[in-house]
Amino acid sequence: MLKTAAQNAEVMSSLSLSTSPKSPGPKSPSQTSFLLSEHHHVKAPGGGKSASAGGLAVRHVRRTHSGKLIRVKKDGAGGKGTWGKLLDTAGESRIDRNDPNYDSCEEPYDLVGSIVSDPLDEYKKAVVSIIEEYFNTSDVEVAASDLKELGSTEYHPYFIKRLVSMAMDRHDKEKEMASVLLSALYAKVISSTQISQGFFMLLESTDDLAVDILDAVDILALFIARAVVDDILPPSFITKARKMIPEASKGFEVLQTAEKSYLSAPHHAELVERRWGGSTHLTVNEVKKKIADLLSEYVESGDTSEASRCIRQLGVSFFHHDVVKRALVLAMETRTAEPLIMKLLKQAADEGLISSSQMMKGFVRLAESLDDLALDIPSAKTLFKSFVPQAISEGWLDASFLKSPGKDEEAPDKNDEKLRCYKEEVVTIIHEYFLSDDIPELIQSLDDLGAPEYNPFFLKKLITLAMDRKNREKEMASVLLSALHIEIFSTEDMVNGFVMLLESAEDTALDILDASNELAYFLARAVIDDVLAPLNLDEIANRLTPNCSGSETVHMARSLIVARHAGERILRCWGGGTGWAVEDAKDKIQKLLEEYESGGVVSEACQCIRDLSMPFFNHEVVKKALVMAMEKKNDRMLDLLQECSSEGLITINQMTKGFGRIKDGLEDLALDIPNAKDKFKFYVQHARERGWLLSLFGSPASDATSANAS
């Protein structure tokens with residue numbers, strides 16, 4: 001290599017001399033061959049012999065017209081004075097739109113970046129707003145409609161997961177609402193398979209949920225048990241899910257809790273359905289105590305945002321008037337707290353935390369109790385007079401408060417002495433009924449009063465007194481309404497009574513915390529018990545002021561009625577008491593009739609009916625007895641009805657209602673019992689002849705009257 005380099009150096013030196021302008025002269029062939037061999041990285045053949053002798057390819061040698069030798073570039077681009085390499089262009093390329101070969105695809109373009117949206121992410125965002133709106137409005141129909149309009153049915157399991165997980169982190173009211181919504185959506189909007197998938201996804205994410213929700217295992221177990229009780233999850237779901245969930249996970253613990261703690265317990269269905277109860281389970285006294293505590297803490301700390309958060313967390317927006325009243329009383333008692341109290345009320349009003357109507361109601365309640373307050377706080381009236389102008393000037397109390405009726409309030413009609421006496425009497429009658437549970441005695445007492453025109457006032461007083469008591473009394477009130485509707489109250493009396501109740505709902509809410517929710521259950525229960533027809537709810541709503549709290553209560557009652565398994569849930573809404581007997585009575589009636597039909601004694605059957613202690617439900621005995629007589633082709637049941645009628649065990653009204661129920665369901669009965677219509681005509685004739693039925697039953701006039709009533 002060194003030797004070759006030395007030779008090349010000598011050649012280059014001699015070449016530069018030979019090609020210099022100062023030393024013109026012909027080039028030797030050896031020099032030419034070296035240049036060519038150097039360019040092609042090969043030695044010239046012949047080891048320094050002439051080019052012609054070696055046979056070099058002279059086609060690679062380019063010469064100018066002046067005879068100068070040009071060194072060829074790589075890739076054949078050439079040098080100065082040459083054409084250049086293939087596709088080489090002298091300048092910038094330019095597209096000519098007039099060129100016959102013009103192609104628009106050759107135009108320069110820029111790539112514009114855009115975010116690719118995931119349909120699942122969009123679905124998840126949309127369902128959050130649907131769920132939030134449902135928790136605020138309790139409107140099952142709107143939530144179902146919104147979910148249908150959203151489409152993307154393949155993502156419904158994610159809706160189940162989001163609904164339950166959001167409810168788990170809220171109050172019992174929202175948990176109950178979530179269960180009701182799931183029952184309403186089942187089969188109509190969301191399939192059973194999708195509900196199972198949604199709950200399985202929840203089981204898989206239980207470990208993550210437990211980080212934020214301490215009792216996530218117990219709450220989710222209760223949701224699964226409730227879904228099984230509501231027939232939206234098959235009982236086999238727990239067995240199948242247990243095989244796919246790791247034993248060490250909290251999801252497996254959820255399944256064990258649901259099965260052992262809830263679904264295996266005695267009366268588990270009732271236990272699970274009543275666990276959340278649809279409300280916050282706070283009594284009026286508990287809420288008042290919480291309000292007093294948070295106001296005391298606020299006066300000590302002065303943290304307005306924390307106090308607002310505590311008020312919001314109570315979840316009793318319809319009871320905020322008590323916050324206003326207690327805050328103002330505290331400002332009167334502790335003069336140094338006045339600036340803080342005024343600041344809190346103003347901020348609560350500005351944020352919409354306390355509505356203008358609740359603020360007004362709080363001031364009105366305080367104004368009504370000023371005389372009593374003055375006994376403990378001598379300056380109460382003076383201070384109140386200073387609070388009102390300040391609140392109005394700062395904009396958190398409506399100026400119409402100054403015009404609110406005082407002396408001009410409607411005074412009771414002194415001339416209506418009969419109504420006043422009636423109200424006093426019925427209060428005593430209702431209290432006695434709550435103690436004795438004796439419906440016939442109560443009906444007799446009302447008959448003795450002889451004032452059927454005041455029946456709506458009785459209904460209003462009955463439900464108002466029941467709402468302020470325990471579930472037992474609420475159940476007894478619903479049972480009594482069913483009995484009264486059969487015996488002495490007309491449907492119009494019931495409608496008028498409920499209208500009066502709903503018109504005074506806001507006043508009732510002053511003393512009864514959950515008045516709106518309980519009134520909705522009383523309305524729904526009346527429909528389930530056939531005391532009211534569903535169309536009567538429209539009539540009641542039309543007679544109320546639009547957008548009032550009473551209208552919202554009617555709307556809530558409709559939502560309860562359309563939910564899945566509404567009948568069973570509403571019949572059990574109060575839990576315990578006589579309400580359970582209504583459900584159990586159907587089974588007991590069926591059994592006692594079967595025993596009598598198989599050879600029992602009439603007197604024993606009558607005693608069993610008497611032991612039920614449900615005279616208002618004897619129409620069920622009549623109905624089941626007639627159906628059994630048709631199916632068994634045995635008229636022995638007529639002997640039992642004859643004995644019940646003779647003893648006065650089943651009244652003529654109950655007998656008529658039982659026959660009426662058979663008449664309404666004849667078309668369905670005829671599918672299973674072909675001669676049902678002929679049999680029924682025979683039974684009606686038989687009952688008329690023996691005085692069980694009203695003589696007009698089944699006549700054209702009676703049918704016309706029934707149609708008008710419907």
Side-chain angles (χ1 to χ4, degrees), residues 171 280 282-406 409 506-516 549:
H171 294 294
T280 58
L282 291 176
T283 64
V284 176
N285 292 333
E286 288 174 341
V287 171
K288 288 181 177 179
K289 185 178 184 302
K290 285 179 177 288
I291 292 172
D293 292 343
L294 75 87
L295 289 175
S296 299
E297 291 177 6
Y298 167 65
V299 170
E300 292 178 3
S301 66
D303 191 341
T304 310
S305 59
E306 176 64 16
S308 298
R309 186 191 67 79
C310 291
I311 294 172
R312 187 178 293 107
Q313 193 173 15
L314 284 175
V316 287
S317 57
F318 50 85
F319 206 63
H320 283 167
H321 55 80
D322 198 69
V323 177
V324 178
K325 178 188 173 184
R326 289 178 178 275
L328 294 174
V329 171
L330 184 59
M332 292 178 180
E333 293 173 341
T334 309
R335 300 295 298 120
T336 55
E338 180 181 341
L340 286 173
I341 294 296
M342 294 301 180
K343 179 183 177 183
L344 174 63
L345 293 178
K346 183 178 186 304
Q347 180 171 321
D350 293 341
E351 293 178 356
L353 177 59
I354 299 179
S355 65
S356 59
S357 62
Q358 290 289 312
M359 191 71 73
M360 174 87 76
K361 192 176 293 183
F363 271 84
V364 168
R365 290 188 65 200
L366 184 58
E368 292 172 349
S369 60
L370 278 177
D371 292 331
D372 295 331
L373 271 175
L375 299 176
D376 300 320
I377 309 172
S379 59
K381 293 183 179 180
T382 305
L383 290 172
F384 182 74
K385 289 179 181 178
S386 66
F387 291 165
V388 172
Q390 180 182 348
I392 293 175
S393 63
E394 292 179 357
W396 48 277
L397 177 64
D398 197 282
S400 62
F401 173 78
L402 296 174
K403 302 176 183 178
S404 58
E409 286 182 349
E506 292 187 0
D507 296 331
T508 306
L510 297 177
D511 301 314
I512 301 170
L513 180 64
D514 206 13
S516 178
S549 60

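For clarity, every value in this text was computed on a predicted model and none was experimentally measured. Count residues from 1 along the sequence.
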Evaluation steps, side chain to side chain contact (heavy atoms under 4.5 Å, CB included), between L373 and K381: CA-CA 8 Å; L373 271 175; K381 293 183 179 180; over 6 Å; no
Side chain H171, main chain Q313, donor-acceptor under 3.5 Å: yes
Donor-acceptor under 3.5 Å (H320 side chain, S355 main chain): no
Let me confirm one number: the [atom1]-[atom2] distance from [X] to [Y], rounded to the nearest 0.5 Å.
X: R326; Y: L295; atom1: CZ; atom2: CG; answer: 8.5 Å
X: K325; Y: R365; atom1: NZ; atom2: CZ; answer: 4.5 Å
X: E306; Y: L294; atom1: CD; atom2: CG; answer: 9.5 Å

[X] side chain near [Y] side chain, heavy-atom distance below 4.5 Å:
X: W396; Y: Q347; value: no
X: L328; Y: L345; value: yes
X: I341; Y: T334; value: no
X: E297; Y: C310; value: no
X: M359; Y: D398; value: no

List the atom of [X], the atom of [Y], and the distance in Å for their closest heavy-atom pair.
X: H321; Y: Q358; answer: N-OE1, 2.8 Å
X: D303; Y: S305; answer: OD1-OG, 2.8 Å
X: L344; Y: A307; answer: CD1-CB, 3.9 Å
X: V329; Y: L366; answer: CG2-CD1, 3.6 Å
X: L340; Y: Y298; answer: O-OH, 2.6 Å
X: L370; Y: A380; answer: CD2-O, 4.0 Å

Residue pair K361, V324: steps toward the side chain to side chain contact (heavy atoms under 4.5 Å, CB included) verdict: CA-CA 8 Å; K361 192 176 293 183; V324 178; over 6 Å; no
Stepwise side chain to side chain contact (heavy atoms under 4.5 Å, CB included) test for E351 and S308: CA-CA 9 Å; E351 293 178 356; S308 298; 4.2 Å; yes
